[in-house]
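Before any comments, here is the structure.
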Amino acid sequence: MALIVQKYGGSSVCSTERIKKVAERIVATRAEGHDVVVVVSAMGDTTDELLQLAGDVAPLAPRRELDMLLTAGEPISGALTAMAVHALGAESCSLSGEQAGVITDGAHGRARILQVTPGRIRQALDRGAVVLVAGFQGVCRDSGEITTLGRGGSDTTAIALAAALKADVCEIYTDVDGVYTADPRLVPNARRLPRLTYEAMQEMAAAGARVLAQRSVHYARRHGVTVRVSSSFGTGPGTVICADAEAVGAEQPRVTGVAHDLSGARLTVTGVPGGAAAMAGVFRTLAEARVDLDTAVHHAGRGGGGQGGDLTLVLPGSDGPAALAALRASRRAIGYRDLGYDEEIGKVSLIGSGMRTHSGVIAMCCETLSAAGVNIAAISTAETRISVLCHSGQVPSAVRSLHEAFGLGRPTRGAGNCATSRNEPAEKVPA
Ligand code: ASP
Ligand code: MG
């Protein structure tokens with residue numbers, strides 16, 4: 001008998017029909033004799049709809065109130081799933097994040113889990129119940145305020161519970177049947193990766209593969225939680241993410257996959273006065289507005305003349321309005337000349353190992369993109385990743401050409417329903 005944590009994403013619980021299907025899988029797992037803890041996301045696009053409502057009443061709603069609103073989504077799917085499980089004859093109990101013992105810091109909208117005290121979960125399991133936990137939410141120990149963990153946070157809830165309960169595995173059920181070498185909607189012969197190391201998955205998630213929330217992978221790695229990602233609609237083996245070096249084998253290909261991200265925006269701050277103080281002012285302003293930066297490139301001003309330099313920053317598009325508002329308010333203090341903003345920017349990343357030490361990989365990457373007519377706006381390299389910024393319209397051909405050039409595909413036969421990119425509703429994927 002094992003202890004299994006299962007997590008079902010929004011599309012897996014988007015309707016009462018789907019919830020009943022999920023309940024069947026949960027009850028089947030229970031019937032095999034396992035203890036089952038289930039984390040659910042809000043139904044379908046509930047979180048987006050709630051954000052839309054907030055936007056209608058206030059363009060920049062207080063983050064605390066946003067959390068009060070957004071934490072209303074997950075308990076609905078939790079309670080409905082508990083009822084559906086009960087209707088199938090199994091004991092069940094749904095809990096809010098707070099009741100489940102998910103303790104966070106006080107950062108509304110992006111709280112970090114500090115501790116999990118799963119006493120109530122254990123009690124319910126001891127009674128023989130299946131426990132349903134509302135994902136994406138917790139409670140701040142100091143203030144008693146309800147918090148959310150950031151978009152996609154239910155993955156983190158599931159992995160944190162698996163760690164705290166010392167579960168045998170954390171099964172992530174989603175609308176894709178695993179992690180692929182590239183988004184199969186762009187690359188039809190993309191391959192499902194049967195196993196991946198935490199490191200590789202972390203890079204994939206950071207580079208835009210939306211199968212797992214980035215933070216959840218860090219958590220899994222830190223606590224050694226074995227994660228399996230598979231489809232809630234099928235029975236395939238999915239992708240197992242673990243520390244095992246054998247996961248990738250001795251002859252791991254240097255390049256594991258190509259990820260892309262269309263969710264970023266480019267912010268250009270021009271005429272930043274020379275010296276580190278003004279630049280520090282820009283970064284301090286953005287930090288105080290709690291804007292996450294993905295990339296920052298500085299071009300020194302040419303020929304002096306008090307023109308200063310330009311800063312090109314890439315940040316999540318969702319942080320754009322807050323970043324612009326904060327920088328406009330500090331314009332006088334920082335002394336920059338102008339702001340530019342554009343969302344037509346995409347990032348394509350090659351994930352693998354030994355990237356920095358094999359400059360041939362970088363050369364081949366650039367040659368491939370050049371042959372495909374992709375204009376590289378910026379390039380950055382790290383040990384396990386090469387990322388290229390380009391116009392969003394050129395992302396598909398960049399992904400395809402790199403996937404091809406590095407021989408990542410399998411013989412073409414049409415891929416299943418799967419995805420490795422942010423920003424496009426997975427529901428639109430042709431099955
Ligand atoms: N419902 C939240 C979101 O859409 C959390 C999650 O689904 O993981 O971001
Ligand atoms: Mg969701």
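Numbering of residues begins at 1 and proceeds along the displayed sequence. Atoms within a ligand are numbered from 1 in the order they appear, just like the ligands themselves.
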Worksheet item: Which atoms of ligand 1 are found less than 4.0 Å from any heavy atom of Phe136?
Response: 2 (C), 5 (C)
Practice prompt. Could you tell me which atoms of ligand 1, counted from 1 in the order shown, lie closer than 4.0 angstrom to a heavy atom of Arg151?
Written response: 3 (C), 4 (O), 9 (O)
Do any nitrogen or oxygen atoms of [X] come within less than 3.5 Å of a nitrogen or oxygen of ligand 1?
{"X": "Asp155", "result": "no"}
{"X": "Ser41", "result": "yes"}
{"X": "Gly152", "result": "yes"}

Fill in: salt bridge (Lys or Arg N to Asp or Glu O under 4.0 Å) partner of Asp155, chosen from Lys7, Arg210, Arg215
Lys7
Discussion item. Taking salt bridge (Lys or Arg N to Asp or Glu O under 4.0 Å) as the criterion, tell me which of Arg30, Arg127, Arg122 meets it with Asp35.
Written reply: Arg30
Practice prompt. Determine whether the side chains of Thr384 and Glu199 contain a donor N or O and an acceptor N or O closer than 3.5 Å.
Written response: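 No, because no side-chain N or O of Thr384 sits under 3.5 Å from a partner of the opposite role on Glu199.
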Fill in: Modelled atom types, side-chain donor and acceptor of Gln6 and Arg25, under 3.5 Å
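The criterion, which ignores hydrogens and geometry beyond distance, is not satisfied for Arg25 and Gln6.
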Output a table of donor-acceptor pairs, distance under 3.5 Å, between side-chain atoms of residues 156-169 and any protein atom two or more places apart or on a different chain; print 'none' if there are none.
from: Thr157; atom 1: OG1; to: Phe136; atom 2: N; distance (Å): 2.9
from: Thr157; atom 1: OG1; to: Gly153; atom 2: O; distance (Å): 3.3
from: Asp168; atom 1: OD1; to: Leu3; atom 2: N; distance (Å): 2.8

Discussion item. Tell me whether ligand 1 is touched by Gly153 - counting only heavy atoms on the residue side and a distance under 4.0 Å.
Written reply: yes
